Amino acid sequence: MSRAAEDPLVRSARREAAVVLVIWAVALIYSVGYCWLFGYHREVSELTFVWGIPDWVMWGVFAPWVACFLVSLWFSYGFMTDAELGEEQTPPSEAAAAEARDA
Amino acid sequence: MPDGSISAGYGTIAGLVVLIAASVWLGLLAQRVVERGSFMKGYFLGNRGLGSWALALTATVQSGGTFMGFPSLVFTNGWVVALWIGAYMVVPISGFGIIGKRFAQLSRRTGAITVPDLFRERFGNANVGLVASLLILFFMTVMMVAQFKAGAIVMKVSIPEDIRNLIGEDQSEYGTWYRIGLAVFTVTVVGYTLIGGFLAAVWTDLFQSLIMWVGVMLLLPLTLLAVGGMAAATHQLKNEVSAKKLNADAVAKHAPTRAPAEERLKQLDAALRQYAANHEGALPPDLGQVSAELREDPISGRPLEYYGAGYQVAQAGAVRRVVVAMTPTAEAEDPTADAAEEPGDEAGWQSVLYSNGVVKSGVFSNPGDLLTAPGPHDFHPIGTAFSYFFIWVFAGLGSPAGMVRVMACRDTQTIRRSIVLLGSYNLCIYIPLIVICVCGRALLPDLAVSDEIVPSLAVQTTSHFAGGSLVAGLILSAPFGAVMATVSSYLVVIASGLVRDVYQQFLNPNATEGQLRRLSYAVMVVVGGIGIGANIHPVDFLQKIVVFSGTCGATAFVAPALMIAYWRRATAAGTIAGMLCGVGVTLTMYGIGMAKFSEFTPFRPFDIDPIIWGLAASAVAGVLVSLRTLPPDEGLISKLFDIETAKS
């Protein structure tokens, strides 16, 4: 029996999910890695401040946060595709119950 | 008022009353829309009509925790909490981009109204739906019940002093006004949700999210102005210390031991004030300027640690102050060292003198810990920091309240726009809240109940100008709105779980619309009653409950959701195994943690949070059991994964 072709929405959604997981992993490695190197167990006297914010918070959390927002702009308007979600179906279990009620 | 307690004006309570009235009005509007179509799809799914704004600003994990638990953590632990919440930078893209599009499609192809519906119809197996229902009911009830406390606290703080006095003195933290607040909050939120169902929850959630944004945008400049700028706040916190929460017995037991050190610090304060009086209020560059006897800790015989250089002396009893001197940390040979009995209390007891003359004893963090990681008392070790990038991302992804809203969205364009909307919203909420609460620590350092930092700042920073109490009311609406939004959306999910997935599926498949409607209302009223009952003596640290519930959701549903969405070979047995193993590992680790540490905290091998172990267990169990069981029916899979062909 030949199998019908996979819905393009399933393929695009799978690809987009993989890209999102990569973005998440990069954000995790950068943010936690940067803060670990420059924020953990540091002497207060060594800290520098950007607008009153400790340097490791500014470059380890706030800056990548803004970068992630820019990436999400690209993802939403430059990468993610639109597709028809399809017609609403009646669940088989509900259809069976409706038949029983009618009977 | 050194504890930072403040009194609200009439405008504050008026602001909240307006918010409540608007929410009820939206509930009534939603009811009209629900009545146009089928009760179940309208009441529990809003007829799949959610647009970008509604989806973006309502399907997230913002909750009472956002305005109570999270600010409380920033207040207590300082800047490291920015890293703790940092994973929110990817929550918008992960929340909608991983399963959003596919779940929206699957829910249409299966006709699913609830998450358990989707799980059941994906495999044509009622047991998958039942297990999903029971898990959702368990941890969403836990999460929702914990939110009521936050709503009650906001109501309590917003009551003007002269109204409070009408029923006499109420000094206790959870006394009469807390309970009145709890009742008003519950009646409001259960009321409008019951009237309008899912759409009422969504519309009020959207309205309240906008109020939250306005509240934060107002509070940010007000707080920065009050503290004198971010740099001034940071300068003040350079030597600030955080005291560990200790029980009253431990404090009473150590009081006599600490008395000589406290007396010495009071004498030092008098000497320093004398010095400051002759030097335009400035504290000396070192303790060499005061007598040799005062420079020593009478208990250990070692020199006091001095932090006053570069700071000014504060008026006696003033709210804003800095740490001036501390007794050295107790060591093994120190007679007080073995007196410290709190679990994990390796630092021992110390006494501290503040620039306002206040002297305190307790178990303190190191000065400066509020500006560096891992924060006071090793709050956020690196393994935990790593774990929180899993917790926030996958708790959002695995939240049934979030999943059901994706199922209700209009089209894929809505999902794309929601990612950007939520991304900009989170930027405007979380980063400002961190700044606000760090400033709050400088403004109200001795606030007795740290959960009250946002309401207290709202009242404190607006008390000096005309119409300030109205502005405070608007700002206070933010936390109140956040809590109402969470509770209402969870009420809908819990009610739909019981009515649709348990009652209609297993007890009365032929139930009429009237029966389902009445049962839905009854469930909401009962859950509201449970919320009140469980919060008369509420839990401490709301945020711990939020994390626990989010972890349970993630470990139960993330791997199964991915399997359902993308893996043709996934089976019903594999999905059930994934859900049960994930949540089982989480509960086991919390159980071990509670037995080991005697508090509500999980066991974390290698500092790695249960979410990572739970996700791994869930994925492994899901895949292995799926591969060991018979493949699913190819006809059903084809219907859900392949191009739809025209029906003959």
Side-chain angles (χ1 to χ4, degrees), chain A residues 1 3-10 12-14 16-17 19-21 23-24 27-28 31-32 35-36 39-44 47 49 51-54 56-57 60-62 64-66 68-69 71-73 75-77 80-83 85-94 97 100-101, chain B residues 48 79-80 82-83 86-87 89-90 92-94 97-99 101-102 104-105 108-112 117 120-121 124 126 229-234 238 367-368 371-374 382 385-386 389 393 411-413 416-417 419-420 423-424 427 431 505 509-510 562 565-566 638 641-645:
Chain A
M1 194 177 77
R3 204 167 84 178
E6 194 168 57
D7 192 319
L9 184 145
V10 178
S12 68
R14 198 181 275 134
E16 286 153 11
V19 169
V20 171
L21 287 173
I23 294 168
W24 164 74
L28 185 163
S31 190
V32 176
C35 293
W36 182 48
Y40 274 73
H41 305 295
R42 208 154 143 208
E43 288 297 320
V44 176
L47 287 178
F49 297 90
W51 303 321
I53 298 164
W56 66 274
V57 175
V61 182
F62 291 174
W65 200 313
V66 174
C68 277
F69 173 64
V71 168
S72 68
L73 273 175
F75 180 84
S76 303
Y77 290 108
M80 196 172 169
T81 54
D82 282 327
L85 291 173
E87 289 298 310
E88 175 90 36
Q89 307 290 324
T90 305
S93 56
E94 202 166 284
R101 262 200 308 272
Chain B
R48 295 197 206 279
W79 281 108
V80 73
L83 177 60
M89 66 179 77
V90 282
I93 198 168
S94 61
I98 295 180
I99 56 168
K101 209 157 100 173
R102 183 70 177 123
Q105 184 199 37
R108 281 165 172 81
R109 286 202 177 181
T110 56
D117 251 0
R120 179 176 51 247
E121 302 299 341
M230 193 69 248
T234 304
K238 269 185 179 164
L371 302 188
T372 57
I382 192 69
F386 181 78
F389 258 81
V393 169
D411 48 30
T412 53
Q413 213 175 29
R416 287 194 299 106
R417 287 180 183 154
I419 292 174
V420 176
S424 45
L427 260 181
I431 293 179
Q505 276 297 321
N510 301 322
L562 287 171
Y566 298 116
S638 181
F641 278 77
D642 297 334
I643 294 173
E644 280 182 311
T645 50

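This structure is a prediction, so every number in the text was calculated from the model and none was measured. First the proteins, then the strands, lettered A, B, ... as listed; each starts at 1.
- For the options Ser31(A), Ala13(A), Ser12(A), Pro64(A), heavy-atom pairs under 4.5 Å to chain B are most numerous at Ala13(A).
- Of all the listed residues (Ile98(B), Val80(B), Ile382(B)), the one sharing the greatest number of non-hydrogen pairs under 4.5 Å with chain A is Ile382(B).
- You'll find the side chain of Met89(B) stays beyond 4.5 Å of the side chain of Phe62(A), heavy atoms only.
- To the nearest 0.5 Å, atoms CD (Gln413(B)) and CE (Met80(A)) are separated by 11.0 Å.
- Looking at heavy atoms from C-beta onward, Pro54(A) lies out of side-chain contact with Thr372(B) at the 4.5 angstrom threshold.
- Distance alone, capped at 3.5 Å, is enough to place a donor-acceptor pair between the Thr412(B) side chain and the Ala83(A) backbone.
- In terms of heavy-atom pairs under 4.5 angstrom with chain B, the leader among Trp36(A), Trp56(A), Trp51(A) is Trp56(A).
- In this structure, chain B has a heavy atom under 4.5 Å from the side chain of Phe75(A), while its backbone stays farther away.
- For the options Val20(A), Val61(A), Asp82(A), heavy-atom pairs under 4.5 Å to chain B are most numerous at Asp82(A).
- The parts of Pro374(B) that come within reach of chain A are both its backbone and its side chain, each placing non-hydrogen atoms under 4.5 angstrom from that chain.
- Judged by distance alone, the side chain of Trp24(A) and the main-chain N or O of Ile93(B) form no donor-acceptor pair under 3.5 Å.
- In this structure, no portion of Ala87(B) lies under 4.5 Å from any heavy atom of chain A.
- The residue among Ala231(B), Gly368(B), Ser424(B) with the most heavy atom pairs within less than 4.5 Å of chain A is Ser424(B).
- Between chain A and the options Trp79(B), Phe386(B), Phe641(B), heavy-atom pairs under 4.5 Å are most frequent for Trp79(B).
- When each of Val57(A), Leu9(A), Val44(A), Val32(A) is scored by its heavy-atom pairs under 4.5 Å with chain B, the top score falls to Leu9(A).
- Chain A forms more heavy-atom pairs under 4.5 Å with one residue of Val90(B), Val420(B), Thr234(B), Ile99(B) than with any other, namely Val420(B).
- A distance of 8.5 Å separates CD1 in Ile431(B) from CD1 in Ile53(A), rounded to the nearest 0.5 Å.
- For Val393(B), the part lying near chain A is the side chain, with the backbone staying farther off; criterion is any non-hydrogen pair under 4.5 Å.
- Residue with the most contacts toward chain A among Lys238(B), Met230(B), Arg102(B), Arg416(B): Arg416(B) (heavy-atom pairs, distance under 4.5 Å).
- For chain B, the nearby parts of Leu73(A) are the backbone and the side chain; heavy atoms of each come within less than 4.5 Å.
- When side chains are defined from C-beta on, Pro8(A) counts as touching Ile643(B), because their heavy atoms get closer than 4.5 Å.
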